[in-house]
Amino acid sequence: ENDRLELAKELLKEAEIHGTTIHLPEDSVLGDQFAQNAKVDLSSSYQIPDQWMGLDIGPRAIGKYSGLIREAKTIFWNGPMGVFEFEAFSNGTKAIAEAVAQTTDQGAYSLIGGGDSVAAINSFNLGNRVSFMSTGGGAMLKLLEGSELPGIAAVKN
């Protein structure tokens, strides 16, 4: 999204300052339209042709992200990898859900946040293999960044 490019650059610079790596997908599964019956192609995430859109992560990104997840002791997942509701664009989300479930089975703590992420992991019948799920993804992000949530503040008072 061109209107988000400057924010993305700022976030990458901020991550570098703090010694944090943001892993961007190397490749993407493309669709010529946002539809179940879209034409499908694969390309570098950095060379998506005009009139096409990235609707899932590609096989190289799946491999990289799955490897990173398998090394983790704590996993926080907020947001599907692609348009998992469309079969042609569900492979990335399914592979990541499987990696999260397998890593949780091996002792990691996994937190799935947001309605779409919860719907995704449940659509692959893996919801019972994660540690915790919350459909309040935005609220959970606010809590993790240190904001006080009005509902929790009301209960405290």
Do E145 and K142 sit within salt-bridge range, that is, some charged N less than 4.0 Å from a carboxylate O?
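Salt bridge flag = yes for K142 with E145.
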If I take atom [atom1] from residue [X] and atom [atom2] from residue [Y], how far apart are they, to the nearest 0.5 angstrom?
{"X": "R60", "Y": "S28", "atom1": "CZ", "atom2": "OG", "answer": "9.5 Å"}
{"X": "Q36", "Y": "E85", "atom1": "CD", "atom2": "CD", "answer": "10.0 Å"}
{"X": "K9", "Y": "L5", "atom1": "NZ", "atom2": "CG", "answer": "4.5 Å"}
{"X": "R129", "Y": "E98", "atom1": "CZ", "atom2": "CD", "answer": "8.0 Å"}
{"X": "S66", "Y": "I57", "atom1": "OG", "atom2": "CD1", "answer": "7.0 Å"}
{"X": "N78", "Y": "L141", "atom1": "CG", "atom2": "CG", "answer": "4.5 Å"}

Nearest non-hydrogen partners of [X] and [Y], listed with the distance:
{"X": "F76", "Y": "M140", "value": "CE1-CE, 3.5 Å"}
{"X": "V40", "Y": "A88", "value": "CG2-CB, 3.8 Å"}
{"X": "T104", "Y": "S110", "value": "OG1-OG, 2.7 Å"}
{"X": "A101", "Y": "L126", "value": "CB-CD2, 4.1 Å"}
{"X": "R70", "Y": "A99", "value": "NH2-CB, 4.3 Å"}
{"X": "L30", "Y": "W52", "value": "CB-CE3, 3.6 Å"}

Is it the case that the side chain of [X] and the backbone of [Y] share a donor-acceptor pair, with hydrogens and angles ignored and the cut-off at 3.5 Å?
{"X": "S131", "Y": "L111", "value": "no"}
{"X": "S45", "Y": "D27", "value": "yes"}
{"X": "T21", "Y": "H23", "value": "no"}
{"X": "S117", "Y": "G79", "value": "yes"}

Only one of D116, I96, I112 clears side chain to side chain contact (heavy atoms under 4.5 Å, CB included) with I121; which?
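When D116, I96, I112 are each tested with I121, the side chain to side chain contact (heavy atoms under 4.5 Å, CB included) holds only for I112.
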Option from V83, I62, D56, L55 for which side chain to side chain contact (heavy atoms under 4.5 Å, CB included) with V29 holds
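Per the side chain to side chain contact (heavy atoms under 4.5 Å, CB included) rule, the option paired with V29 is D56, out of V83, I62, D56, L55.
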Side chain to side chain contact (heavy atoms under 4.5 Å, CB included) evaluation trace for L24 with Y46:
CA-CA 10 Å; L24 300 173; Y46 304 101; 3.7 Å; yes
Same cluster for [X] and [Y] if Ile/Leu/Val/Met/Phe/Trp/Tyr side chains link at under 4.5 Å?
{"X": "F124", "Y": "F89", "result": "no"}
{"X": "L11", "Y": "L144", "result": "no"}
{"X": "M133", "Y": "L143", "result": "no"}
{"X": "I48", "Y": "M81", "result": "no"}

Return yes when atom CG of D3 has more than 12 non-hydrogen atoms of other residues, nucleotides or ligands closer than 6.0 Å, and no otherwise.
yes
Hey, do the aromatic rings of F132 and Y109 have their centres closer than 6.0 Å?
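No.
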